[in-house]
Amino acid sequence: MKTISFVLLSLGLWGAAAFSPTRTIVPIAMPSVLSSKSMNKIIISQSPLLSSQKTLRMVSEGLTMEDSNEGKGKMTSNESQGTIPALMFNLVKSIVGAGVLSLPSGIAAFGNAPSAMLPAAGLIAIIGLLSGYGFSLIGRVCAFTNSKTYREAWEKTVNKSTSIIPAASCTFKTLGATLAYSMILADTFRAIFATAGFSFTRTNTLLGITSIVLLPLCLMKNLSSLAPFSLLGIFGMVYTAFAMGIRYFGGSYAMPGGVFLPDVAKSLQPSFGDIGTSGVFSPNTFILICMLSTAYMAHFNAPKFYNELEDNTIKRFNMLVGSSFAISVATFVIISAFGFLTFGSSCSGLILNNYSNKDALIGLSRIAVAISLVFSYPLAFAGFRDGILDIAKVPVEKRSNSLLNKVTVLCLSTITALALAVKDVSFVLSFGGATLGNALIYVYPALMFRGAVKNMGDDASRSLKREVKVAMANGILGIGMGIIGAKMALKSVL
């Protein structure tokens with residue numbers, strides 16, 4: 001099994017090579033379902049490395065387009081903007097979140113032998129590549145149409161009257177994210193309390209954390225003070241990978257004599273069978289594929305990354321996207337490998353649940369993840385709440401504190417009720433990825449790209465017209481994966 005882990009590290013490097021900046025991966029752009037005012041507020045709060053005045057402002061004037069037909073031009077502005085390393089950190093932070101901790105269960109859905117990790121690593125790299133291409137398509141559309149948001153790009157390339165479709169998709173995808181956050185927080189804090197010697201039910205834990213911690217944070221009107229805590233997200237994932245690796249190589253959970261096994265429930269103890277690489281041909285593989293669509297989801301932020309990139313030529317944009325997705329692919333492979341190779345078919349929807357509450361090394365990981373999610377929660381929640389208000393066509397000037405407070409309580413209560421009823425976070429991630437995730441990553445970018453090229457008329461080059469077929473094929477693939485993935489996700493819980 002440990003030999004496989006070294007092979008997987010090589011696959012991770014191969015995945016990174018697939019995203020090499022020297023490759024032709026088309027540029028990206030960022031969608032937004034929120035009003036420009038609310039999106040600016042939220043994205044600024046999420047970008048600690050871009051929090052200075054000169055890198056946080058959206059480019060609102062003084063922009064020019066050169067050679068946009070082939071996407072080779074650049075947007076110029078008098079504003080100072082973000083460097084590739086700074087934006088790369090933020091993009092990786094946006095992609096690599098708590099969702100990666102559910103991927104081992106996605107692998108366990110189709111295989112129970114260590115060799116199942118090999119095709120899983122390949123799928124992680126392939127879906128990462130396709131997701132990066134979709135991210136890139138959105139950016140090119142923004143470059144062709146001089147759009148600043150996902151919704152604006154849709155209006156200029158598809159149809160203004162149907163712009164509610166991507167807007168609603170982004171809003172309810174954010175609902176899925178906050179629901180997953182609530183579920184993970186319930187399990188994580190329950191384990192933390194157990195480590196400290198306190199025994200609480202999952203229901204009591206979730207209600208307590210929601211009312212005492214999450215509600216006050218979500219009622220805040222200025223979220224900028226939470227930005228520094230979002231750094232814990234990426235550091236928490238790095239530490240978690242490190243801790244999981246130590247436990248795997250140290251054999252602390254190996255059957256039958258692992259030192260922590262007595263403290264782990266039978267259903268969560270390591271279990272392996274003989275379904276390995278061949279398991280990838282099972283329809284259950286689509287559960288992992290759709291979970292990956294959720295894991296790689298950062299596409300609603302693409303326009304901001306495009307606009308904030310200093311000297312944002314297509315080549316530099318590809319460097320940003322390629323490098324960021326390559327790092328994310330490698331991270332996903334490593335964490336998934338350590339989790340699946342340790343517990344096999346017993347992987348929980350949140351892999352940290354498999355580890356003993358008496359394991360101090362993993363306990364620190366739980367604390368880091370919990371703190372990160374607590375302070376990231378209001379940022380995601382604000383996106384959902386403001387998206388609902390946008391869909392309801394409530395003008396920004398009419399969004400009084402009283403109205404915002406009432407909507408906040410209503411939305412948070414709904415999310416909490418759903419989190420109490422649904423206990424498998426892997427289902428939320430896979431079903432959300434199969435439906436809204438695939439639409440935002442594969443289908444909508446393809447439709448917008450086709451519309452942008454069509455609007456160019458005779459000015460569109462042959463290569464662009466040929467690429468429309470590639471983009472549409474990617475969109476059709478996304479629809480197919482979504483249909484099968486949604487069916488398998490529902491089947492897993494029914």
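Here, residue 1 is the first one in the sequence, and each next residue gets the next number.
Between Phe242 and Tyr239, the angle of the ring planes lies from 30° to 60°, which puts this pair in the tilted group.
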Stepwise ring pair (Phe, Tyr, Trp, His ring centres under 6.0 Å) test for Tyr296 and Phe332
CA-CA 10 Å; Tyr296 285 116; Phe332 285 2; 4.8 Å; yes
Working note: Thr408 + Arg385, criterion side-chain hydrogen bond (donor to acceptor under 3.5 Å, both in side chains); need CA distance, chi angles, decisive distance, verdict.
CA-CA 7 Å; Thr408 293; Arg385 181 196 62 202; 3.1 Å; yes
After noting the C-alpha distance and the side-chain angles of Asp390 and Arg399, does the key distance pass the salt bridge (Lys or Arg N to Asp or Glu O under 4.0 Å) rule?
CA-CA 10 Å; Asp390 283 344; Arg399 299 179 188 181; 2.4 Å; yes
Checking Thr188 against Arg366 for the side-chain hydrogen bond (donor to acceptor under 3.5 Å, both in side chains) test, could you report, in this order, the C-alpha distance in whole Å, the side-chain angles of both residues, the deciding distance, and whether it holds?
CA-CA 6 Å; Thr188 302; Arg366 290 190 177 106; over 6 Å; no
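Proximity of Met244 to Ile335: side-chain heavy atoms (C-beta onward) are separated by under 4.5 Å at one or more points. Inter-residue side-chain proximity for Thr205 and Phe193 is flagged as met; some heavy-atom pair is nearer than 4.5 Å. Residues Phe200 and Leu207 form no side-chain contact, since every pair of their non-hydrogen atoms from C-beta on lies 4.5 Å or further apart. Side-chain contact check for Leu179 versus Val425: every heavy-atom pair is 4.5 Å or farther apart. For the pair Thr435/Lys173, no side-chain contact is recorded, criterion being any heavy-atom separation below 4.5 Å from C-beta on.
Exactly one residue among Phe343, Phe338, Tyr248 makes a ring pair (Phe, Tyr, Trp, His ring centres under 6.0 Å) with Tyr253. That residue is Phe343.
Applying the side-chain contact (heavy atoms from CB on, under 4.5 Å) criterion to Ala108, with sequence neighbours excluded, gives Phe340, Cys347.
A donor and an acceptor atom, one from each side chain of Asn438 and Ser293, are located under 3.5 Å apart. When only modelled atom types and interatomic distance are considered, Asn204 and Thr201 share a side-chain donor-acceptor pair under 3.5 Å.
Listed for the Asp263 side chain is no donor-acceptor partner under 3.5 Å among the backbone atoms of Ser356.
Residue Leu219 holds its CG atom at 9.5 Å from CG of Leu404, rounded to the nearest 0.5 Å. With rounding to the nearest 0.5 Å, the separation of CG in Asp187 from CG in Leu101 is 11.5 Å.
Taking the six-membered ring for Trp and the full ring otherwise, the centers of Phe381 and Tyr181 sit at least 6.0 Å from each other.
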